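For the numbers below, each heavy atom of this structure counts, side chains included, while hydrogens, waters and symmetry mates do not. Note that this is a predicted model, so its numbers are computed, not measured. By convention in this document, chain letters (A, B, ...) are assigned in the order of the sequence lines, proteins followed by strands, and residues within each chain are numbered from 1.
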Amino acid sequence: MIDLKRVRSDYPAVAAALARRGTDDLDRLERVRALDEDHRAVETRRNEVRSEIKALSRTVGDLRRDGRMDEAERVADESRQLGETERELDAREADLQASIRQILLVIPNLPADEAPDGGGPDDNVEIRRGGRSAEGWEECQRVPHWEIGEALGILDLERAVRMSGSMFTMFRGMGATLSRALCQLALDTNADAFEEVRPPSLVLGDTMVSTGHLPKFSDDAYHVTRDDLWAIPTAEVPLTSLARDEILDEAILPMRLMAHTACFRREAGSAGRDTRGLLRVHEFDKVEILAYATPEQADAVHADLLARAERLLDQLGLAYRVLDLCAGDLGQSSRRTFDLEVYAPGVDQWLECSSVSWFGDYQARRAHIRYRPSGGGSPVPVHTLNGSALAVPRVWAALVETHRQPDGSVRMPEVLHPYLRGATSIVA
RNA sequence: GGAGGGAUGGCAGAGCGGACGAUUGCGACGGUCUUGAAAACCGUUGAGGGGCGACCCUCCGGGGGUUCGAAUCCCCCUCCCUCCGCCA
């Protein structure tokens, strides 16, 4: 959530920042501002009435102790009258508060000043390329991964669809081993600074609200209605809620966590897009890296997360590019995001394989995660940041296409060998 | 799933319906004393919200209710513990 106090004290700046997203949220912002004024007026009056009731009640007690029953009853009666006013104001106060929160929960984060201008994906700024060159491909590398996977017996989409429906996948043999190897590599590479966590895959609605996945994007997530639980779309969800309702010591920040989990996405609204192969699937494995930080640390932590995600692609011998997302393409909770796109020569596409985001205190406000400054003073919301260290399907696809040899086998980059029981390539 | 017990401040642990936002102990912080430390003593020590401010309001697992007044009484829910059942 954006800071209501800032809406109050700095409305023009908040509105201007929000406007950069090019959404219709300015109406919402204005409604929040008006409701907030009403709310504070009602709250103040309600508190005055309550205070009066408390005073009268105390008087009743005193009078009764003194045996002045008639007077006590008269004062009690007066208090009874006020009780009605109190109930009325209280209901209005609660209503206003709920309305404000409801709107606040769907107002997106304010883009960072540094985020480039722009209204959509076309305005994202490519800030660099890394890994191997994205040019100069051999004919043998121009084969889509689903064909490679089938030929080598390492990808079994047909049977996956039979058991789970379209956009579900199944790796087999060395394909499955490769999938696991990628995750282990990602985990091991980041174990120097990140605590490994194995969180739940099903979470309560509140947990999804904390990160911003609910209430606005409920169509994108799987909902187990019988038990009212949600399948996590990313480990960001449980990892962010790990510190929910807590006050952290500044000394432990930045606090870094990583997790390998399955991720579930309904991919509603993308029917018919990228339907072949591994480009868009309902369930996939991912290693997420995440940090809680102070505002002062956030920039450096953001850069570090990005560097770590890049390093893996580099080690895997893939071609990738880094995009600085423009204000109009930023996810709801993010104020600054770098996307990593890996080039897959077989399908001739840049595939988004990581989003490294800085959320400011937007998620921390929703999740009530604060830290107590070492210098003393009241707790303040932490900043949260996260990114995919490695998301399996698209990296798997790019890897298999990039490293395909003229004989149809797929050479495995050296970093993976220890995780592949020593195998250096995948052959038919 | 069935039966019983519990949930209070960082922790431990009190709390006849009316000076209880909450005794006390520990911990933490500040101070006195000390060459330094320990001990002892004194003091401070939860969170959220409103108001320019004096100050006011809320929070004793959550939600309802009774009452002039609820941490204290009633109802529902959640979670934890013990026992039984089931189970990877």
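When the C1' atom is used for both A54(B) and C73(B), the distance is 38 Å, rounded to whole Å. Taking atom C1' in both A70(B) and C16(B), one finds a spacing of 14 Å when rounded to whole Å. Here the separation of G63(B) from U58(B), taken at their P atoms, is 14 Å to the nearest Å. Spacing of P atoms, G36(B) relative to G31(B), comes out at 13 Å, to the nearest Å. Distance check on atom C1': A88(B) versus C83(B) gives 22 Å, rounded to whole Å. Here the separation of A71(B) from G6(B), taken at their C1' atoms, is 16 Å to the nearest Å. G51(B) and G13(B): their P atoms are spaced 40 Å apart (whole Å). Taking the C1' atom of each, A40(B) and C33(B) are spaced 9 Å apart, rounded to whole Å.
The 5' end of RNA chain B is approached more closely, in terms of each residue's nearest nucleotide, by Leu4(A) than by the other of Val75(A) and Leu4(A). Comparing Asp36(A) and Glu73(A) by the nucleotide of RNA chain B whose heavy atom lies nearest to each, the residue mapping closer to the 5' end is Asp36(A).
Checked against C57(B), G50(B), G46(B), the side chain of Asn47(A) finds its nearest nucleotide in C57(B). Side chain of Ser79(A), nearest nucleotide from C68(B), G49(B), G50(B): C68(B). You'll find that the side chain of Arg46(A) is closest to C57(B), out of C68(B), G50(B), C57(B). Distance from the side chain of Arg40(A) is smallest for G51(B) among the nucleotides G69(B), G51(B), G49(B). Taking the side chain of Arg80(A) as heavy atoms from C-beta on, and the options G50(B), G46(B), U67(B), the nearest nucleotide is U67(B).
Using cut-offs of 30° and 60° on the angle between ring planes, the pair Tyr222(A) and His282(A) is perpendicular.
The nearest whole Å value for the distance from the CZ atom in Arg87(A) to the P atom in U58(B) is 15 Å. Here the P atom of nucleotide G65(B) and the CG atom of Asp90(A) are 10 Å apart, to the nearest Å. Between the CD atom of Gln97(A) and the C1' atom of G50(B) there is a distance of 12 Å, rounded to whole Å. Atom CD1 of Ile53(A) and atom C1' of G69(B) are 10 Å apart (whole Å). Atom P of nucleotide G48(B) and atom NE2 of His39(A) are separated by 16 Å, given to the nearest angstrom. When the C1' atom of G48(B) is taken as reference, atom NE2 of His368(A) falls 10 Å away, rounded to whole Å. The CG atom of Asp77(A) sits 9 Å away from the P atom of C68(B) (whole-angstrom rounding). Residue Arg45(A) contributes atom CZ, which lies 18 Å from atom P of G50(B) at whole-angstrom precision.
A donor atom on one side chain and an acceptor atom on the other are found under 3.5 Å apart for Gln363(A) and Thr384(A). Thr207(A) and Arg244(A) form a side-chain donor-acceptor contact under 3.5 Å, judged by distance and modelled atom types alone. Looking only at atom types and distance, the side chain of His383(A) has a donor-acceptor partner in the side chain of Trp358(A) under 3.5 Å away.
In this structure, C87(B) makes no Watson-Crick or G-U wobble pair, since no nucleotide meets both defining distances under 3.5 angstrom. Applying the Watson-Crick and G-U wobble criteria (two distances, each under 3.5 Å), C73(B) pairs with G65(B). U32(B) is paired with A40(B) under the criterion used here, namely a Watson-Crick or G-U wobble arrangement in which both key atom distances are under 3.5 Å. In this entry G21(B) has no Watson-Crick or G-U wobble partner, no candidate having both defining distances under 3.5 Å. In this entry C52(B) has no Watson-Crick or G-U wobble partner, no candidate having both defining distances under 3.5 Å. Across all strands shown, U45(B) forms a Watson-Crick or G-U wobble pair with G27(B), both key distances being under 3.5 Å. Pair check for A3(B) finds U82(B); Watson-Crick or G-U wobble, both atom distances under 3.5 Å.
Here the NE2-CZ distance, from His223(A) to Phe264(A), works out to 15.0 Å after rounding to the nearest 0.5 Å. To the nearest 0.5 Å, atom CG of residue Leu178(A) and atom CG of residue Leu399(A) are 5.5 Å apart. Once rounded to the nearest 0.5 Å, the distance linking CD of Glu288(A) with OG of Ser354(A) reads 7.5 Å. Annotation: the span from Asp227(A) atom CG to Leu202(A) atom CG amounts to 8.5 Å, rounded to 0.5 Å.
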Is there any protein nitrogen or oxygen under 3.5 Å from a nitrogen or oxygen in nucleotides 71-79 of chain B, and what are the pairs?
none

Set out, line by line, the N/O atom pairs under 3.5 Å between protein and nucleotides 15-21 of chain B.
| residue | atom | partner | partner atom | Å |
| --- | --- | --- | --- | --- |
| G18(B) | N2 | Ser57(A) | O | 2.8 |

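We find that Arg92(A) and Asp95(A) are not joined by a salt bridge, their nearest charged nitrogen and carboxylate oxygen being 4.0 Å or further apart. The residues Glu30(A) and Arg33(A) are annotated as salt-bridged, a charged nitrogen and a carboxylate oxygen being separated by less than 4.0 angstrom. Salt bridge status for Asp27(A) with Arg31(A): absent, with no side-chain N to carboxylate O gap under 4.0 Å.
Taking only side-chain nitrogens and oxygens, Arg370(A) never comes nearer than 4.0 Å to OP1 or OP2 of A47(B). Side-chain N/O atoms of Arg8(A) include one lying less than 4.0 angstrom from OP1 or OP2 on G50(B). Ser51(A) has a side-chain polar atom (N or O) that falls below the 4.0 Å cut-off from OP1 or OP2 of C57(B).
Arg372(A) comes within 4.0 angstrom of sugar-phosphate atoms only, judged by non-hydrogen atoms across all strands, and of no base.
For the pairing with Tyr292(A), the side-chain contact (heavy atoms from CB on, under 4.5 Å) check across Arg370(A), Gln297(A), Glu246(A), Met255(A) returns one residue only, Met255(A).
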